[in-house]
K.L.:
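Supplied in structure tokens, the structure appears directly below.
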Amino acid sequence: IPYRNHALTTLMSDSIGGTAKTVMIVCCSPSDYNTTESINALSFAKRCKNVKNMASVSPAQAAAQVQALKQELARLKKSNTNKANRPGDRRH
């Protein structure tokens, strides 16, 4: 897909033609005054449908991301425990 200078295309540039699996949901209107926008949206979705991506995850990258998320979870649990144990806390 040739990338246009459009907000939607810019937001989706990593997903369209990249290594991610992407789902496209198009909202169309039955109103006459939205016909042009609905046709443009359907046309864009059709072009996106023709793009074939090969989704892949690097095992090392996935392991690093899992480790980072575990550390974040531990930090948040500790922060939450510290807040719950403060004197004068009456949330119980």
Side-chain angles (χ1 to χ4, degrees):
I1 294 175
Y3 293 120
R4 303 180 306 160
N5 187 13
H6 189 273
L8 179 61
T9 308
T10 303
L11 286 172
M12 296 184 66
S13 63
D14 290 337
S15 301
I16 302 171
T19 58
K21 290 229 178 209
T22 306
V23 175
M24 170 82 55
I25 298 173
V26 177
C27 183
C28 296
S29 172
S31 299
D32 289 341
Y33 64 90
N34 287 331
T35 302
T36 303
E37 189 63 30
S38 292
I39 290 172
N40 287 339
L42 288 169
S43 175
F44 179 73
K46 184 177 179 182
R47 288 193 315 271
C48 289
K49 182 180 176 184
N50 293 328
V51 174
K52 301 297 181 204
N53 291 351
M54 298 298 288
S56 63
V57 176
S58 165
Q61 186 180 22
Q65 188 173 18
V66 167
Q67 185 61 32
L69 289 171
K70 285 181 178 180
Q71 290 173 351
E72 177 73 5
L73 181 59
R75 184 187 67 76
L76 291 171
K77 283 182 178 179
K78 184 178 179 181
S79 174
N80 194 31
T81 302
N82 291 342
K83 288 179 183 177
N85 292 333
R86 283 189 290 186
D89 190 3
R90 301 193 189 275
R91 289 185 281 164
H92 300 318

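What you are looking at is a predicted structure, and each value in this text was computed from that prediction instead of being measured.
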K.L.:
I'd like to know if the side chain of Ser38 and the backbone of Thr35 have a donor-acceptor N/O pair within less than 3.5 Å.
P.N.:
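Judged by distance alone, no pair lies under 3.5 Å.
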K.L.:
Consider side chain to side chain contact (heavy atoms under 4.5 Å, CB included). Of Asn80, Asn82, Leu76, which one does Lys78 pass it with?
P.N.:
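The side chain to side chain contact (heavy atoms under 4.5 Å, CB included) with Lys78 is passed solely by Asn82 among Asn80, Asn82, Leu76.
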K.L.:
Is there a donor-acceptor pair closer than 3.5 Å between any side-chain N or O of Ser43 and the backbone N or O of Ile39?
P.N.:
no
K.L.:
Give every donor-acceptor pair under 3.5 Å between a side-chain atom in residues 61-72 and any protein atom, sequence neighbours left out.
P.N.:
from  : atom 1 : to    : atom 2 : distance (Å)
Glu72 : OE1    : Arg75 : NE     : 3.4
Glu72 : OE1    : Arg75 : NH2    : 3.4
Glu72 : OE2    : Arg75 : NH2    : 2.8

